[in-house]
Asker: 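To start, I am sharing the structure in question, which I have written as structure tokens.
In what follows, every chain begins at residue 1, and chains take the letters A, B, ... in the order their sequences are listed. Values in this document were obtained by computation on a predicted structure and should not be read as measured data.
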Protein chains: 2
Amino acid sequence: MLRGDITVAIRNAVMNELAEVGYGRLSIEAVARRAGVGKTAIYRRWSNKLEMVMEIISDVAERKVPLPDTGSFAGDLELLMMIVSKALQHRIASQIIPDLMAEAARNPQISETLQRALRTHQQAVGEKLVGQAIHRGELPEGTDADLAVDLILGPLYWRLAVAREPLSDDHLEKLTAAVTAALRAS
Amino acid sequence: MLRGDITVAIRNAVMNELAEVGYGRLSIEAVARRAGVGKTAIYRRWSNKLEMVMEIISDVAERKVPLPDTGSFAGDLELLMMIVSKALQHRIASQIIPDLMAEAARNPQISETLQRALRTHQQAVGEKLVGQAIHRGELPEGTDADLAVDLILGPLYWRLAVAREPLSDDHLEKLTAAVTAALRAS
DNA sequence: GAACGGCGGAACGCAACCGTTACGTCGTAG
DNA sequence: CTACGACGTAACGGTTGCGTTCCGCCGTTC
């Protein structure tokens, strides 16, 4: 039986290595070195870099985030944006996510894995959010959940992961208000 | 004197190579091969990969986009969003931009170059857009240009460069309307 | 027509990784 | 106490890329 503590060490090493050098430059040897483990231990678990990274990433990415339900759309939205912004400011995540997204643009397998892990899940969040709001009468009947997701995640991702500018509480508040207005008007 | 046609061939090769394999895996040898050029021709121009890529990218990125001024905020916004979405759907750009953004997260020199090339310029677009609209009375006095940029570029970038979902004319229209509403309300 | 300089090509020594193999150690299960 | 299996280490041959050097070719300049 494969030893669990070794597997954990490898997983951590992969995450850190991914954050530091990115998928393109990640090497099995470096992972082994960092994990304090032989290459054999890695090849015993996965047959190559892609498979290894994909399995580890899906695992992490599929951890469910609780869908917000605070009782009001404003509350749900604020909570969701807080959660997402915290996640995007996490040291490891903020390096790994853009890197894998870029990699997904040229590797169909990575693309598919990320889609399944992120889109399925996060789109569900958006749909639930919008659905609840419509049901409560806080948003008009035909509100486009797809559009809502773009409007909620887009600006956050842009500012935190792309432009890498700070996100003050004040700015987050304005953003929340703006998104609310945008959705109400649609 | 260095031959101009050779320089052009190298520049093109770098762009295509960047798009195909990304910065992390880009190698001087591959660039030379692709450009049909000796490695010596490259080292005669730049001293290493980073310097080469940075010079070529800044050149491309600093080409000025005409600031929209159609006479109305709605027109300006629609035009800007069209331009940006076209740019983000360009084959080469859509691969290179997320890749370099990810790389910038771990390489300060790349980060700085991109900031200067993109932010300075695109932020100016946002500020002009908002400034014109305020001047015309189409947006309230204190509208935050920073926020506007987040709201305009964020959803587009998210959808096109991250989620990689198609952007229909219909969706673009809804997005424009939503952003307008958001900014008016702020 | 001679000198110069950019060019491609080839090879250099060096380093990093690949994926695989052989070996000896050590903990655990039977 | 024995057998098994996962472990780390070390080495394998092969590939790729680095940055440099030397060569001979060829077009331009004077």
Asker: Which protein N or O atoms sit under 3.5 Å from an N or O of nucleotides 26-30 of chain D?
Answerer:
none

Asker: When you check the gap from the basic side-chain N to the acidic O, do B/Glu103 and A/Arg25 get nearer than 4.0 Å?
Answerer: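 Yes, charged N to carboxylate O under 4.0 Å.
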Asker: Using a cut-off of strictly less than 4.0 Å between a heavy atom of the residue and any atom of DNA chain D, enumerate the qualifying residues of residues 3-34 of chain B by number.
Answerer: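 Hits under 4.0 Å, by residue number: B/Ser27, B/Ile28, B/Glu29, B/Arg33.
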Asker: Do you reckon B/Ile92 sits in the same ILVMFWY cluster as B/Met54, going by side-chain contacts under 4.5 Å, direct or chained?
Answerer: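 Per the 4.5 Å side-chain linkage, B/Ile92 and B/Met54 are co-clustered.
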Asker: When you compare the side chains of B/Ser111 and A/Arg164, does any donor N or O come within less than 3.5 Å of an acceptor on the partner?
Answerer: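 Their side chains do not contain a donor-acceptor pair, so the 3.5 Å distance test is not met.
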Asker: Looking at B/Lys128 and B/Asp69, does any basic side-chain N land under 4.0 Å from a carboxylate oxygen?
Answerer: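 B/Asp69 and B/Lys128: not salt-bridged.
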Asker: Can you sort out the partners of B/Arg44 under salt bridge (Lys or Arg N to Asp or Glu O under 4.0 Å), two or more places apart, ordered by chain and number?
Answerer: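 If we apply the salt bridge (Lys or Arg N to Asp or Glu O under 4.0 Å) test to B/Arg44, skipping adjacent residues, there are no hits.
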Asker: Using side chain to side chain contact (heavy atoms under 4.5 Å, CB included), reason through B/Leu50 and B/Ile110 one step at a time and then give a plain yes or no.
Answerer: CA-CA 8 Å; B/Leu50 178 59; B/Ile110 294 184; 3.7 Å; yes
Asker: Output yes when B/Asp76 and B/Arg136 qualify as a salt bridge under the 4.0 Å nitrogen-oxygen rule, no when they do not.
Answerer: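 Counted as a salt bridge, because a side-chain N and a carboxylate O are separated by less than 4.0 Å.
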Asker: Test: ring-ring contact (aromatic ring centres under 6.0 Å, His included). Region: residues 152-177 of chain B. Which pairs qualify, not counting sequence neighbours?
Answerer: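 As it turns out, the ring-ring contact (aromatic ring centres under 6.0 Å, His included) pairs with a partner in residues 152-177 of chain B, which skip direct neighbours, are A/Tyr157-B/Trp158, A/Trp158-B/Tyr157.
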Asker: Give me the first and last nucleotide of DNA chain C, going 5' to 3', that has any atom under 4.0 Å from a heavy atom of chain B.
Answerer: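 Range of nucleotides touched by chain B: C/dG5 to C/dG9.
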Asker: Compute whether any side-chain donor of one residue and acceptor of the other, for A/Arg45 and A/Thr7, lie under 3.5 angstrom apart.
Answerer: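 There is such a pair (donor and acceptor under 3.5 Å, judged by atom type) between the side chains of A/Arg45 and A/Thr7.
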Asker: Got a salt bridge between A/Arg106 and B/Glu20, using NZ or NE/NH1/NH2 to carboxylate O under 4.0 Å?
Answerer: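 Answer for the salt bridge query: no.
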Asker: With a 4.0 Å heavy-atom cut-off, tell me which residues in residues 37-55 of chain A come close to DNA chain C, sorted by residue number.
Answerer: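 Residues of residues 37-55 of chain A under 4.0 Å from DNA chain C: A/Lys39, A/Thr40, A/Tyr43.
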Asker: Answer yes or no: is there an ion pair linking B/Arg11 with B/Glu55, defined by an N-O contact shorter than 4.0 Å?
Answerer: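 So B/Arg11 pairs with B/Glu55 through a salt bridge.
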